[in-house]
Each structure stands twice: as C-alpha cells, then as structure tokens.
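For the numbers below, each heavy atom of this structure counts, side chains included, while hydrogens, waters and symmetry mates do not.
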Amino acid sequence: MKSIYDIQQFLKQYGTIIYIGDRIADLELMESELKELYHAQLIDPKEYSTALLIVRHEIRFLREKAEKIGD
C-alpha cells in the first residue's frame with residue numbers, strides 16, 4: 001500500500017466502502033476499520049502499520065492545510 005486509494009481498495013476486499021463526504025471523517029473511519037480488521041486478526045501487522053501511517057499522514061496534512069487556510 002502506498003496511497004489512500006490503495007487503502008480504499010484494500011478495505012473494499014473486506015466489504016468496506018467509506019464515503020461520508022468529509023475527507024477527514026472518511027480517513028478517521030478508515031483508521032477505525034483498519035483497527036477492527038487488525039484486532040480481528042484479518043490483516044497482518046505490517047499491512048496494518050503501513051496503512052495506519054498513510055492514513056494518519058493524510059489526516060495531519062489536511063488539518064495543517066485547513067489551519068493555513070483559516071489564518
């Protein structure tokens with residue numbers, strides 16, 4: 001996995017399609033779904049950590065971008 005799109009496709013394999021309309025909320029829900037899959041032992045630790053890193057990075061990027069726009 002290298003992008004949010006890859007994570008979306010990965011989650012789709014487990015029947016999870018996420019679209020709320022708020023990008024940050026979508027990403028937070030993806031993070032939650034990844035945690036559920038990991039705790040259910042359906043994904044391995046490497047996949048989980050890689051996906052979590054990508055999602056959290058994107059959330060941080062979008063929040064920083066929103067702060068700059070708000071200034």
Side-chain angles (χ1 to χ4, degrees):
M1 282 181 268
K2 295 182 180 182
S3 69
I4 296 299
Y5 178 78
D6 293 340
I7 295 169
Q8 288 172 322
Q9 297 308 306
F10 177 75
L11 289 173
K12 200 183 289 185
Q13 293 174 3
Y14 292 95
T16 303
I17 297 172
I18 298 172
Y19 181 75
I20 295 174
D22 175 357
R23 183 70 170 164
I24 292 176
D26 288 347
L27 294 167
E28 289 171 345
L29 191 52
M30 281 183 209
E31 182 176 339
S32 176
E33 289 294 323
L34 288 165
K35 285 179 185 177
E36 290 293 323
L37 290 170
Y38 178 70
H39 291 298
Q41 298 179 345
L42 295 172
I43 60 175
D44 67 68
K46 186 175 186 213
E47 284 177 315
Y48 173 67
S49 62
T50 301
L52 208 57
L53 182 69
I54 293 167
V55 169
R56 288 181 176 170
H57 179 268
E58 185 70 12
I59 290 170
R60 185 174 52 244
F61 172 77
L62 291 173
R63 286 190 174 144
E64 288 174 1
K65 183 178 173 182
E67 286 177 12
K68 288 179 183 178
I69 292 171
D71 288 342

Quick one: pull up CD in E58 and CG in L62 and give me the separation to the nearest 0.5 Å. 4.5 Å
Nearest 0.5 Å, what's the CG-OG1 distance between L53 and T50? 7.0 Å
Just jot down the salt bridge (Lys or Arg N to Asp or Glu O under 4.0 Å) partners of E31, sequence neighbours excluded, or say none. K35, R56
Quick one: CE on M30 to CD1 on I54, what's the gap to the nearest 0.5 Å? 11.0 Å
Show every donor-acceptor pair shorter than 3.5 Å between a side-chain atom in residues 8-24 and any protein atom, with sequence neighbours excluded, or say none if there are none.
| from | atom 1 | to | atom 2 | distance (Å) |
| --- | --- | --- | --- | --- |
| Y14 | OH | L42 | O | 3.1 |
| D22 | OD1 | I24 | N | 3.3 |

Qualifying residues under side-chain hydrogen bond (donor to acceptor under 3.5 Å, both in side chains), relative to R60, sequence neighbours excluded: none
Nearest 0.5 Å, what's the CG-NE2 distance between L34 and H39? 10.5 Å
Kindly write out the residues that satisfy ring pair (Phe, Tyr, Trp, His ring centres under 6.0 Å) with F61, not counting sequence neighbours, or none if the list is empty. none
Output all residues satisfying side-chain hydrogen bond (donor to acceptor under 3.5 Å, both in side chains) with E47, sequence neighbours left out; order by chain, then residue number. none
